[in-house]
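Each ligand, and each atom within it, is numbered from 1 in the order the structure gives.
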Amino acid sequence: MISKITSGFWHDHLEVNARGAIFHQWEQLEASGCIENFRIAAGDVDGLREGWFFADSDAYKWLDAASRIYASFPTPQLATVMDALIALLARAQMPDGYLFTYNQIHFPDTRWTNLQIEHELYCHGHLIEAGVSHFENTARTDMLDIARRAADRIVEDFLGKGTDHTPGHEEIEIALLRLHQVTNHKLYLEMARQFIEQRGRNPLFALSIIRQNSSADQRSKFIQQKKQEYLSAYPEFKPFQVPPGNAAKKPTNAKLRWYASALSGKYFQQHTPVRKQTVPVGHSVRFAYLETAIAMLARESGDRTFIPTLERAWEHMVTRRMYITGGIGSLPDMEGFGNDYELDPEYAYTETCAALASIFWNWEMAQITHQAKYSDLLEWQLYNAAAVGMGLDGASYFYNNPLTCRGGVTRKPWYAVPCCPSNISRTWADLGKYIYSSSKDEIHIHQYISSETTVDVGIPVKIKIESELPWSGKVLIHIDPSEKRRFKLYVREPSWSPTVMVNMYEPVEEQMVRNNKEQHFAHCVDMTGLYDSVQLRLQPNAPSYDPRASWFSCVDWTWSPGDVLELNFDMSIQLRHAHPKVKGHQGKVAVTRGPLVYCLESTDNSDVNIFSAAMETASLESVFDANLLGGIVKLVGQTKTGKPLIFIPYHLWGNRGESTMTVWVNE
Ligand code: FUB
Ligand code: ZN
């Protein structure tokens, strides 16, 4: 059920997404040759294919994002670009459904050659997802037909095949399951199930990866040679210059660990069958896409035997392999998980896509289990580890997201691997789907985002949320059933709010109450007694972020048109400590308020060394500053020597040119 986001923090972000980011991304895709690759494959033009073997996926993810954006911002400019791209994809697709410009242009006689390395199935997955999103948001079937042709090709080529026929980068599974949701075509579900169940069962995986690596290397050398020949033949051709990416600080043995992880299969989550994968390992985007797909399969097929493994992996990730921001992936090179408690803030890779992938996974888990901890983490990652990925202008991005930066890192308009920009755009454009879930006689409110929707509990119930998050803790929930009706409303008590004060307003005479709620105040319920996880609730000196402290409280009530529930979350500043086993964090705190992690950026703190300054913790207070970064609540305090300190939300750092930054501060 998609809600319309109506105002506030997220509405502003969605405006930037729809009016700026999506067009900026299109320009970059054109400029970088990604779209031209399809024209070459279609035979429209001759030219040089550009970008990585997975470049096609960026065009598909853009179309996916554009389709979702179009549902709320249906501009003719966007429609024109989308339609042209769909027509181009139709021309580029081979008559039998295959579409992968890398092979079509360079190796027309080969297919499905290096499944672990070359992302062929990953690209087809994003193609299929674009088709599903386009159909869901426009009700048109032209792009869906392209997606179905691709999916049918895959079913024909892979269904019934053995354990050496799984993708190296998970994604196709999610795509096939989404396609199954809209077509109800059983074979798509079966294909996804096979890809998932066959993972980690190839006893010769190491040999296979060595062969594929060497084949992929040879193929890429061949392409380099072709490129040189092309550039000599066409000296006037100027290849797109991608700005240099941000170097990631890494431990000395990072490369070696990457090789070891790849050979063992862990990097690809191919080391053991999925039901035994209780520890998050390897490339973190791949890992979280796999978990998302497994959860989707469990939900769609009703096979709940997958759930305990997913729960254990989640618990492991949250307690031992996740940064305070909700970011995952502490090893550059591998772009993935390190060992337990290996969470160096400077090495933090925490790719934007990894946070997004975790959001997808958490949403699936929230729907299956109705446990608030998943929605809590979804919210935390949305505001921190994911939101940091897009700059305020919608035209500058981070790819990897350190928690400590000593310089040399800036937001870039584009990347050689531009997977994150369109991924964040498509997620934001779909934010309205993460707010509610409902069944016969209950509604769960997972997120407090200003929005409107109609929920079905046997009768239609209009719900409007007016949320002041993340700056203030007041949230009004207007409940408007079409007639008086008893049902349970579950509201999530966030882990970050030590207490929640609740007021309920009930109309006595409908019009009057709507106009003047205070005077018709009917009930005041302090819900703090209603949850079981009291022991996990935060104390002023909190441990690290722990979503398990979140709980759904139930308001079992006969609702009347015009009822209003008011929640007031505690927005006091929290000082959080890392787990004692995380190296280098003794004597340091991370500062959070509400769902936001804060940081010190040198731009606001030119008089202090943000890495060595010791904070006077009692001095911290929150101040709304209308002139800072578009209007934010900043935190102001001072060092032990009396120098001012200004904290801004972590997701906003890097918006004012090059700087240094730290999340962890000396106490
Ligand atoms: O490989 C495709 C995407 O690019 C991955 O998801 C990202 O981590 C980056 O490697
Ligand atoms: Zn990415």
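A side-chain donor-acceptor contact under 3.5 Å links Asp376 and Tyr545. For the residue pair Asn17 / Arg68, no side-chain donor-acceptor distance below 3.5 Å is found, with atom types taken as modelled. Looking at Glu658 and Thr410, their side chains never bring a donor and an acceptor atom within 3.5 Å of each other. Remark: the Tyr98 side chain and the Asn103 side chain contain an N/O donor-acceptor pair separated by less than 3.5 Å.
Only the side chain of Tyr399 comes within 4.0 Å of ligand 1, judged by heavy-atom distances.
When SG of Cys419 and OE2 of Glu351 are joined through the Zn ion (ligand 2), the resulting angle is 90° to the nearest 10°. The SG atom of Cys353 and the SG atom of Cys420 meet at the Zn ion (ligand 2) at an angle of about 110°, given to 10°.
Taking the centre of each ring, Trp10 and Tyr383 come in below the 6.0 Å mark.
The distance from ligand 1 to the heavy atoms of Val417 drops below 4.0 Å at these ligand atoms: 4 (O), 9 (C).
The nearest heavy-atom contact from the protein to atom 5 (C) of ligand 1 is His169 NE2, 3.3 Å. At the top of the distance list for atom 8 (O) of ligand 1, counting protein heavy atoms only, stands Glu351 OE1, 2.6 Å.
Between Arg286 and ligand 1, no N or O atom pair is found at a separation short of 3.5 Å.
Between Arg286 and Glu170 there is no salt bridge, since none of the side-chain N atoms of the basic residue sits less than 4.0 Å from a carboxylate O of the acidic one.
Put simply, the residue from His124, His134, Lys61, Arg426 that forms a side-chain hydrogen bond (donor to acceptor under 3.5 Å, both in side chains) with Glu129 is Arg426.
Ligand 1 has no atom lying under 4.0 Å from any heavy atom of Cys353. Using a 4.0 Å cutoff on heavy atoms, Tyr289 does not count as a contact of ligand 1.
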